[in-house]
Amino acid sequence: MAGSTYDLVIRGGLVFDGEKSIGRQNIYVKGNVIVKVTTEELSAANEVDARDMFVMPGLIDTHLHLTGIKGGSLFMGYILDDARVRLLRAANWARELLIAGFTAVRDCGEPNSIALRNAINEGIVPGPRIIAAGAPPLTQTFGHGELSHSIPLEWSIELGFAEICDGVDECRKAARKVLRSGADFIKIMATGGVLSQRDKPEWSQFTFDEIRAIVQEAEKVGTYVAAHAHGGDLGGARIAVEAGVRTIEHGTLLRDETLRLMAERGGVSITPTMAIQELIYRYGKQIGIDPWGGLEKIAEVRESVANVVRKAREYGGVTIIMGTDLGFKTNLDIDMGKNWVELQLMTEIGGLSSIDTLRAATSNAARMLKINTGLIREGGVLADIIVINGNPPVENIKDVSRAITVIKDGKIAVEKGKLVG
């Protein structure tokens, strides 16, 4: 309606505001921000009829990899696929993510993510907001970031699986190099992992002083460090927390002492990444996961993660956030574009309530990633909102997969399950 005070109203939906259910409300948007949440019936230039539907903040996947790789072998995908073709595939993934209701994602280590982030910001291609680690993650020599420990070290360096650095000075320089590339944050490998060749998830990587130097470089420019860290008795995750990292990625083998430390410090989160674990466990051989890694090591981390999530919830001060760690296309029931499966797994395996799981994918995620979304609140919050045509996910988490309207940055981006424009 011409001359209306508001540019958009999402009318009459049952609203989850990112923290709690607030009943049926009308949400009024001006520009790209939410300016009024009320039962009042006011006019707006554009309207989304959400009556008999569920409304919530846009979903946030805090850990994925926009690699553009088909199949489960990251090693072969990076070697054989042209990076430009992978970028084009990743652009299609971004469209699928937006249609699925993801209005923001954090890419945890793929050089193409910076170019894709910039293209989305310029409106060249549609997609969610991307928070990008950008340049490859930082890893030590014989670290998780090498993927293969059999090929010559110089090959790993040339292929760019990760930025290899050893010692405080090299780590400090590598951190500055990553930030110079345009990264929004820094990703490091603080323990061994599942998909790398010879290191084990419980092995500690990097020293306290090395990680502290990286954290200091991030803090200088107002950002933070995310640490791949499974945990275990050798202390890699604990060292990362002591050194000041902000988010622990995976955390599948975290010990009580590390969880207690995270709770005491506050402001440290865990991203359980159950989707990638289930994908490898169920379909690893079928999709071509490198046999040296995931097929041999996945059972231990998958078995442990549910207990870690339960204890993290009990300690109270540990923020749980939603992230899938998906990084390749499978055409299966766990796949890029179906990232909402993580929410189902967080309830079914992790034992979280539906409302805690929704918080993990909205307000918790936004707070930890330092982005102004994840809530439906007055006062300048960006209008990233989805409308779900199904049962309220607070009652049936599976219906989070039924987004039909997606509003990103105050504009209708997806309507009736299809991209607008």
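We're numbering straight along the sequence, starting at 1.
Atom CG of residue N364 and atom CD of residue E19 lie 8.0 Å apart, to the nearest 0.5 angstrom. In this structure, CD1 in I397 is found 6.0 Å from OG1 in T347, a value given to the nearest 0.5 Å. Distance check, rounded to the nearest 0.5 Å: SG of C171 to CD of Q140 gives 9.0 Å. The structure places NZ of K418 at 10.0 Å from CD1 of I99, a figure rounded to the nearest 0.5 Å. Considering CD1 of I289 and OH of Y281, their distance stands at 15.0 Å, rounded to 0.5 Å.
T39 places no side-chain N or O within 3.5 Å of a backbone atom of Q25 that could act as its donor or acceptor partner. Using modelled atom types, one side-chain atom of D335 and one backbone atom of T330 make a donor-acceptor pair closer than 3.5 Å. Without hydrogens or angle criteria, N396 side chain to N391 main chain gives no donor-acceptor distance under 3.5 Å. Formation of a donor-acceptor pair under 3.5 Å by the D61 side chain with backbone atoms of T324 is found in this model. Using modelled atom types, no side-chain atom of S304 and backbone atom of V301 make a donor-acceptor pair closer than 3.5 Å. A donor-acceptor contact shorter than 3.5 Å links the side chain of R265 to the backbone of E242. Within the 3.5 Å criterion, the main-chain N or O of L98 finds no donor-acceptor partner in the side chain of K408. When atom types are taken as modelled, the side chain of E210 and the backbone of V168 share no donor-acceptor pair closer than 3.5 angstrom. When atom types are taken as modelled, the side chain of D184 and the backbone of A132 share a donor-acceptor pair closer than 3.5 angstrom. R11 places a side-chain N or O within 3.5 Å of a backbone atom of L42 that can act as its donor or acceptor partner.
Among residues two or more places apart in sequence or in another chain, the salt bridge (Lys or Arg N to Asp or Glu O under 4.0 Å) test is passed with R51 by D49. In terms of the side chain to side chain donor-acceptor pair (under 3.5 Å) criterion, residue partners of D17 (sequence neighbours excluded) are, by chain and number, K20, R377. Legend: residues meeting side-chain contact (heavy atoms from CB on, under 4.5 Å) with E278, ordered by chain and number and at least two apart, are R282, R302, I334, L345, I349.
The pair R359-D356 meets the salt-bridge criterion, with a side-chain N (NZ, NE, NH1 or NH2) lying under 4.0 Å from an Asp/Glu carboxylate O. The residues E110 and R86 are annotated as salt-bridged, a charged nitrogen and a carboxylate oxygen being separated by less than 4.0 angstrom. Between R129 and D384 a salt bridge is recorded (basic side-chain N to carboxylate O distance below 4.0 Å). Taking a cutoff of 4.0 Å between a charged side-chain nitrogen and a carboxylate oxygen, K187 and E163 do not qualify as a salt bridge. Taking 4.0 Å as the cut-off between side-chain N and carboxylate O, R172 and E217 count as a salt-bridged pair. Using a 4.0 Å cut-off between a side-chain N of Lys or Arg and a carboxylate O of Asp or Glu, R84 and D82 qualify as a salt bridge. For D399 and R402, the salt-bridge test passes: some basic side-chain N is under 4.0 Å from an acidic carboxylate O. Of the charged side-chain nitrogens involved, none lies within less than 4.0 Å of a carboxylate oxygen, so that D7 and K411 do not count as a salt-bridged pair. In summary, E96 and K329 engage in a salt bridge, as defined by a charged side-chain N under 4.0 Å from a carboxylate O. Taking 4.0 Å as the cut-off between side-chain N and carboxylate O, R106 and E249 count as a salt-bridged pair.
The 12-atom threshold is exceeded at NZ of K30, counting heavy atoms of other residues, nucleotides or ligands nearer than 6.0 Å. For D52, the CG atom is loosely surrounded, since the number of other residues' heavy atoms within 6.0 Å does not exceed 12. Within a 6.0 Å sphere centred on NZ of K285, heavy atoms belonging to other residues, nucleotides or ligands number 12 at most. Heavy atoms of other residues, nucleotides or ligands lying less than 6.0 angstrom from CD of E303 number 12 at most. Crowding of Y78 atom OH: a count of heavy atoms from other residues, nucleotides or ligands under 6.0 Å exceeding 12.
Between I385 and I10, the closest side-chain pair of non-hydrogen atoms falls below 4.5 Å. Using a 4.5 Å heavy-atom threshold, the side chains of T207 and I239 count as separate. The side-chain heavy atoms of K70 and F328, taken from C-beta on, include no pair separated by under 4.5 Å. Residues L59 and I386 have side chains in contact (heavy-atom distance under 4.5 Å, counting atoms from C-beta outward). Inter-residue side-chain proximity for I376 and F16 is flagged as unmet; no heavy-atom pair is nearer than 4.5 Å. In this structure, M322 and T271 have side chains that are not in contact, with every pair of non-hydrogen atoms separated by 4.5 Å or more. I280 is listed as a side-chain neighbour of L195, based on a closest heavy-atom distance under 4.5 Å. For the pair K36 and V9, the minimum side-chain heavy-atom distance is 4.5 Å or more.
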Report task. Under the salt bridge (Lys or Arg N to Asp or Glu O under 4.0 Å) rule, what do R260 and E264 come out as? Steps first, then yes or no, please. Result -> CA-CA 6 Å; R260 280 195 295 268; E264 290 166 4; 5.5 Å; no

Query raised in the report: Hey, mind stepping through V414 and T405 against side chain to side chain contact (heavy atoms under 4.5 Å, CB included) and telling me if it holds?
Result: CA-CA 5 Å; V414 176; T405 301; over 6 Å; no

Requested in this report: List the steps, then state whether side chain to side chain contact (heavy atoms under 4.5 Å, CB included) holds for T247 with V268.
Outcome: CA-CA 5 Å; T247 70; V268 184; over 6 Å; no

Query raised in the report: Given I270 and T319, is the side chain to side chain contact (heavy atoms under 4.5 Å, CB included) satisfied, shown in steps?
Result: CA-CA 6 Å; I270 177 175; T319 301; over 6 Å; no

Query raised in the report: Hey, mind stepping through I120 and I124 against side chain to side chain contact (heavy atoms under 4.5 Å, CB included) and telling me if it holds?
Result: CA-CA 6 Å; I120 290 171; I124 298 170; over 6 Å; no

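Here the closest non-hydrogen pair linking V225 and A218 is CG2-CB, 3.9 Å. Across all non-hydrogen atoms, the minimal contact from I186 to A175 is CD1-CB, 3.8 Å. When all heavy atoms of D81 and I69 are compared, the closest pair comes out as OD2-CA, 4.4 Å. Scanning all heavy atoms of the two residues, the minimum distance from I188 to V245 falls at CD1-CG1, 4.3 Å. Taking every heavy atom of both residues into account, L358 and V400 meet most closely at CD2-CG2, 4.3 Å. Residues T191 and H228 approach most closely at O-CD2, 3.2 Å, considering heavy atoms.
Taking the six-membered ring where the residue is Trp, Y224 and F185 present parallel rings, their angle staying beneath 30° rather than reaching 60°.
Checking Y6 against N26 by side-chain atom types alone, no donor-acceptor pair falls below 3.5 Å. Between the side chains of R310 and N307, at least one donor N or O lies within less than 3.5 Å of an accepting N or O. Residues D325 and H65 have side chains that bring a donor and an acceptor to within less than 3.5 angstrom of each other. A donor-acceptor contact closer than 3.5 angstrom links the side chains of H250 and T273. Counted by atom type alone, D199 and Q205 present one or more donor-acceptor pairs between their side chains at under 3.5 Å.
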